[in-house]
Amino acid sequence: MGKFYITTPIYYPSAKLHIGHAYCTTLADVIARYHREKGDETYFLTGTDEHGEKIQKNAEAAGKTPQEFVDEIVTGIQKLWKTLRISNDDYIRTTEKRHMDVVQKVFTRMLNQGDIYLGEYEGWYCTPCESFWTDTQVQGDDHLCPDCGRPCHKAKEEAYFFKMSKYADKLMDFYKAHPNFITPESRKNEMIKNFLEPGLEDLCVSRTSFTWGIQVKENPRHVVYVWLDALLNYISALGYLSNNDELFKKIWSDDTYILHLVGNDITRFHVIYWPIFLMALGLRLPDKVFVHGLLMMKDGKMSKSKGNVVDPYPLIERYGLDTVRYYLVRETIFGSDGTFTPEQFVERYNIDLANDFGNLLNRTSGMIFKYFDGVIPAYQGALTALDKELESVGKASINSFKTNMDTLHVTEAVASIFDYIARANKYVEESKPWALAKDESKKDELASVMNHLANALRQCAIMLKIVLLDSTEKLFAQLGIEKEYQGYDSLDRFDVLGGEHLVKGDPLFPRLKSDEEIEFIKSLMVKH
RNA sequence: CGCAGGGUAGAGCAGUUGGCAGCUCAUCGGGCCCAUAACCCGAAGGUCGGAGGUUCAAGUCCUUCCCCUGCAACCA
């Protein structure tokens with residue numbers, strides 16, 4: 001039992017979210033639920049990063065004020081999280097006063113202690129686009145704007161910079177002292193080779209080219225650079241530098257395990273700039289930044305222009321929340337990129353949820369009704385070699401589940417539950433209850449088989465309930481399992497069931513007709 | 001010669017320290033009858049991107065080449 005703080009990235013509401021965003025947040029939710037089940041004092045934060053030039057421009061294009069524009073999108077995002085039953089404890093918006101105050105205070109402090117200084121930013125400027133570009137962004141010898149293709153010219157503007165160079169060595173020392181700070185390790189190498197070894201440049205932390213941001217108090221012409229603004233959400237949400245910083249003191253403390261989940265596109269900001277900002281503020285650093293893969297579409301990254309975006313709502317509506325949550329945690333190895341295909345989505349449902357898991361409950365329940373009038377027989381120990389083996393598979397599965405969850409191998413953790421389910425299905429074949437039922441002298445053996453099956457289902461449901469919210473509850477209800485045996489306290493026990501009255505219920509996951517459903521999902525992906 | 005990751009059975013992927021090439025699905029054959037056309041067993045299917053090298057032994061180590069995908073610092 002300890003304290004656990006988990007965050008998702010705060011998403012950028014420049015357009016509607018798709019299933020790729022849902023992926024990261026759902027994983028965070030599963031991890032958060034696991035820690036709560038374990039008894040850890042858990043705090044789970046998500047939110048939105050609402051400033052920046054792109055939002056200002058998109059809002060103008062839509063004929064709205066930036067605030068109206070983000071309000072609308074944020075409402076949609078919050079609705080999506082509600083639909084996915086994301087169990088976040090707070091939702092931080094960078095346009096909230098509680099956040100903006102913190103950013104201004106931090107900026108002032110950094111300025112006063114000499115970490116931020118006023119300098120000049122030089123880059124390639126495209127006048128029509130009103131944008132600065134870097135050497136690598138402009139194209140060709142004529143330095144063409146990557147946006148509009150017109151030539152850019154060198155330009156300078158006044159800007160504030162953060163002295164990253166001052167902290168670079170300290171950051172390397174921190175990496176060395178905390179080898180597990182960045183996961184997977186390849187991301188760390190990428191950062192070190194690309195940014196730290198060549199020498200960390202000072203970061204420009206203010207802008208004058210647009211106004212939709214948090215104003216620099218000391219120099220109102222400037223707004224704070226989006227990342228200095230955004231990253232601070234992880235502590236502003238806890239009440240850092242506010243009148244009531246109790247939560248901050250409790251959560252951002254040395255005895256809390258602090259985990260940031262991020263996509264690989266924002267790794268740099270979380271493993272270089274964020275730790276350095278924290279160092280400058282004299283605060284502890286997170287325990288781990290976990291870089292997850294992106295959920296890709298067959299033809300590359302999900303994007304609106306490619307018309308390969310999948311909206312999660314119709315999927316949830318048609319297949320249920322649990323199916324979508326299960327797909328998201330199961331289909332991609334947590335940490336590497338995955339691919340969304342309609343075929344895999346339907347397959348995952350039919351094979352794992354319908355055939356293996358749902359069907360195991362259905363056949364078990366059918367037999368308990370048939371042979372024991374719907375009452376789970378009492379535990380008599382591991383009566384046969386088959387019972388014994390099932391128990392040992394169960395124990396192994398539980399251990400593997402816990403170990404994998406503790407090390408953030410979510411996909412593997414879930415897979416180990418399904419190993420147990422598969423073994424239980426096999427156990428039915430091998431113990432042949434239908435044959436035992438014909439032999440009065442085998443009544444005890446038959447009872448033991450039923451008890452073991454019911455208990456295996458109970459254990460699997462306890463593990464699965466961090467992913468499958470509705471169907472595990474239905475399973476407990478159908479088996480008549482009491483609340484006290486639905487938690488981790490009794491997870492590894494085999495002797496708790498006996499005397500429960502089953503309730504007849506519908507199959508948890510009715511089998512889908514693959515072809516029809518694949519067609520349906522494809523129709524959702526068509527560009528419109 | 002920017003940096004990083006990847007190319008293994010029809011599809012999607014595992015393969016730690018070099019030691020008979022594995023998993024899931026699909027395919028084919030069989031079994032069972034408790035169950036959701038489900039479940040269980042068995043079989044077929046790969047010159048591990050190309051070429052060269054080290055070794056008794058290479059998917060694994062070295063060299064070189066080809067192809068894909070990210071990142072490349074002020075777009076998040």
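Chain letters run A, B, ... following the sequence lines, proteins first and then strands; every chain starts at 1.
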Distance, [atom1] atom - from [M] to [N], rounded to whole angstrom:
N	M	atom1	answer
B/rG50	B/rC67	P	15 Å
B/rA44	B/rG49	C1'	25 Å
B/rA14	B/rC75	C1'	37 Å
B/rG45	B/rG22	C1'	14 Å
B/rA51	B/rC66	C1'	10 Å
B/rG31	B/rU24	P	22 Å
B/rG52	B/rC13	P	29 Å
B/rU60	B/rC41	C1'	33 Å

Cation-pi geometry met for A/Lys54 and A/Tyr12 (6.0 Å, 45°):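 Judged by the rule, A/Lys54 and A/Tyr12 form no cation-pi pair.
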Cation over ring face, A/Lys443 and A/Phe372, 6.0 Å, 45°: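 Checked: cation-pi criterion met.
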Option among A/Arg221, A/His222, A/Glu158, A/Glu157 that satisfies the side-chain hydrogen bond (donor to acceptor under 3.5 Å, both in side chains) test with A/Thr208: A/Glu157
Please report the distance, rounded to the nearest Å, between [atom1] in [X] and [atom2] in [N].
X	N	atom1	atom2	value
A/Lys54	B/rC74	NZ	C1'	13 Å
A/Phe418	B/rC13	CZ	P	20 Å
A/His270	B/rA76	NE2	P	13 Å
A/Tyr349	B/rU36	OH	P	14 Å
A/Ile518	B/rA11	CD1	C1'	12 Å
A/Glu412	B/rG15	CD	C1'	14 Å
A/Phe162	B/rA73	CZ	C1'	15 Å
A/Phe210	B/rA76	CZ	C1'	11 Å

So what does [X] hit on the nucleic acid, given a heavy-atom distance under 4.0 Å: a base, only sugar-phosphate, or nothing?
X	result
A/Leu200	base
A/Gly358	base
A/Tyr11	nothing
A/Pro433	nothing
A/Asp229	nothing
A/Asp49	sugar-phosphate

A/Thr403 and A/Asp406 side chains, donor-acceptor separation under 3.5 Å: no
Residues A/Tyr319 and A/Glu517: side-chain donor-acceptor under 3.5 angstrom: yes
Any donor-acceptor N/O pair, A/Glu445 side chain to A/Lys442 backbone, under 3.5 Å: no
Polar atom pairs between nucleotides 21-28 of chain B and protein, under 3.5 Å, N or O only, would you list them?
from	atom 1	to	atom 2	distance (Å)
B/rC25	O2'	A/Glu347	OE1	2.7

From A/Leu475 atom CG to A/Leu464 atom CG, the distance as rounded to the nearest 0.5 Å: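 Nearest 0.5 Å value for the CG-CG distance: 9.0 Å.
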Selection from [options] that lies nearest to any side-chain heavy atom of [X]:
X	options	value
A/Tyr371	B/rA72, B/rC40, B/rC34	B/rC34
A/Arg268	B/rC74, B/rC34, B/rU36	B/rC74
A/Phe161	B/rU36, B/rC74, B/rC33	B/rC74
A/Lys426	B/rC74, B/rC41, B/rU36	B/rC41
A/Arg207	B/rC74, B/rC41, B/rA73	B/rC74

Residue whose closest nucleotide on RNA chain B lies nearer the 5' end, A/Asn362 versus A/Ala422: A/Asn362
Worked check of side-chain contact (heavy atoms from CB on, under 4.5 Å) between A/Gln478 and A/Leu508: CA-CA 10 Å; A/Gln478 284 192 26; A/Leu508 258 29; 3.9 Å; yes
Flag side-chain contact, heavy atom, 4.5 Å: A/Val428 against A/Met367: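 Of all side-chain heavy-atom pairs linking A/Met367 with A/Val428, at least one is under 4.5 Å.
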Side chains of A/Val346 and A/Ser514 in contact at under 4.5 Å (non-hydrogen atoms): yes
No-H, no-angle donor-acceptor pair, A/Glu429 side chain to B/rC34 base, under 3.5 Å: yes
Distance check: side-chain N/O of [X] vs OP1/OP2 of [N], anything under 4.0 Å?
X	N	answer
A/Arg423	B/rC40	no
A/Lys432	B/rC33	no
A/Asn359	B/rC39	no

Secondary-structure string, 5' to 3', Watson-Crick or G-U under 3.5 Å, | for another-strand partners, for RNA chain B: .((((((..((((.....[..)))).(((((.......))))).....(((((..]....))))))))))).....
Charged N-O contact under 4.0 Å between A/Asp71 and A/Arg93: yes
Sequence-distant partners of A/Tyr234, ring-ring contact (aromatic ring centres under 6.0 Å, His included), two or more places apart: A/His260, A/His270, A/Trp274
